[in-house]
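Heads up: the structure comes next, in structure tokens.
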Amino acid sequence: RRASEPAPPPRAAAPDDAVATLRAADAVHALLADALCGAAAVDDWLDAAGVSDDVVATGLAGETLVRGRGDLRVALQAARALLALGRGGASAAVNRVGLAPDRSLTVALVLTRAGAPDVVVDARLLVRSGATRRIAFEAATVGGAEVSRRAFAAALDRARDLAAVRGSL
């Protein structure tokens, strides 16, 4: 293709992918914040978002953080436990759910706690073959300052350790 030719239109999504993408977008918008800081169970969100058993979550550097639905459940439960710590706990809100040109969902999640800077996490959910197959964390900020890849990975490791300790009590 020559530079002067227009780019071809993106291929049409398979019907099951289109439905699954809409289902995942609805689940992110309606349930994710409640699963992290409210009354909804983590499994409720996983089911509603159509998260596959072989889902993979990657960090800011593309490294694999979570492999499989069970590991993702544990990671989200760990995040929920961390957010519940302290006086008053934390709250979460989904600021944006968008559809990227590659038909993946983009999500901006804001976590707030009284007396602490806001944490904003940008993620991308890839829906293929009718299920959410990949979740990629693309950016994170604390109080407007970008979080380094190393700090992000270390925070997730600490969350996993806390979940393991809580699970053994």
Side-chain angles (χ1 to χ4, degrees), residues 10-60 62-85 89-113 118-140 152-153 155-169:
R11 68 173 180 80
D16 58 339
D17 286 349
V19 170
T21 299
L22 291 173
R23 182 182 66 217
D26 185 51
V28 165
H29 195 267
L31 281 175
L32 181 57
D34 202 30
L36 288 172
C37 294
V42 167
D43 282 324
D44 292 343
W45 180 77
L46 293 170
D47 292 341
V51 174
S52 70
D53 289 338
D54 59 351
V55 67
V56 174
T58 57
L60 299 178
E63 74 281 15
T64 298
L65 300 172
V66 172
R67 188 174 299 280
R69 184 180 166 125
D71 286 347
L72 182 58
R73 178 186 304 109
V74 169
L76 289 172
Q77 288 170 337
R80 184 180 175 118
L82 282 174
L83 292 168
L85 292 175
S91 63
V94 174
N95 260 14
R96 180 188 74 247
V97 177
L99 187 62
D102 67 354
R103 293 190 177 81
S104 60
L105 291 175
T106 58
V107 178
L109 179 70
V110 179
L111 305 167
T112 59
R113 179 185 303 277
D118 289 353
V119 175
V120 179
V121 178
D122 290 331
R124 181 178 300 267
L125 283 72
L126 183 64
V127 177
R128 295 292 183 264
S129 301
T132 302
R133 302 280 177 194
R134 180 173 293 275
I135 300 170
F137 294 98
E138 297 186 328
F152 186 78
L156 291 172
D157 286 341
R158 285 191 302 274
R160 276 193 207 103
D161 292 345
L162 176 65
V165 168
R166 288 187 65 143
S168 67
L169 296 177

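What's counted below: heavy atoms across the whole structure, side chains too, no hydrogens, waters or symmetry copies. Along the sequence shown, residues are numbered consecutively beginning with 1. Just so we're clear, the structure is a prediction, and the values are computed from it rather than from any experiment.
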Answer whether the closest heavy-atom distance between the side chains of [X] and [Y] falls below 4.5 Å.
X    : Y    : result
N95  : V120 : no
T58  : R124 : no
L109 : L36  : yes
V107 : V94  : yes
I135 : V66  : no
V56  : R133 : no

Can any side-chain N or O of R113 pair as donor or acceptor with the backbone N or O of L83 at less than 3.5 Å?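 Yes; at least one donor-acceptor contact below 3.5 Å.
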Test your reading of the model: is there a side-chain donor-acceptor pair from R80 to the backbone of A41, 3.5 Å cut-off? no
So which atom in [X] and which in [Y] form the shortest heavy-atom distance, rounded to 0.1 Å?
X    : Y    : result
G59  : F152 : CA-CE2, 4.2 Å
A40  : L31  : CB-CD2, 4.0 Å
F137 : V121 : CD2-CG1, 3.5 Å
A24  : T132 : CB-OG1, 3.8 Å
V42  : A35  : CG2-O, 4.1 Å
D102 : S104 : OD1-OG, 2.6 Å

Roughly how far apart are [X] [atom1] and [Y] [atom2], rounded to 0.5 Å?
X   : Y    : atom1 : atom2 : answer
L99 : L125 : CG    : CG    : 11.5 Å
L76 : L32  : CG    : CG    : 7.5 Å
T21 : L105 : OG1   : CG    : 5.5 Å
L72 : L65  : CG    : CG    : 10.5 Å

Take atom CZ of R67 as the centre, draw a 6.0 Å sphere, and report whether it contains more than 12 heavy atoms from other residues, nucleotides or ligands. no
Begin from the C-alpha positions of R69 and D47 and carry the test side chain to side chain contact (heavy atoms under 4.5 Å, CB included) through to its verdict. CA-CA 10 Å; R69 184 180 166 125; D47 292 341; 2.3 Å; yes
Can you list every salt bridge (charged side-chain N to carboxylate O under 4.0 Å, His left out) pair that touches residues 28-46, not counting sequence neighbours?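 Pairs touching residues 28-46 that pass the test: D43-R73.
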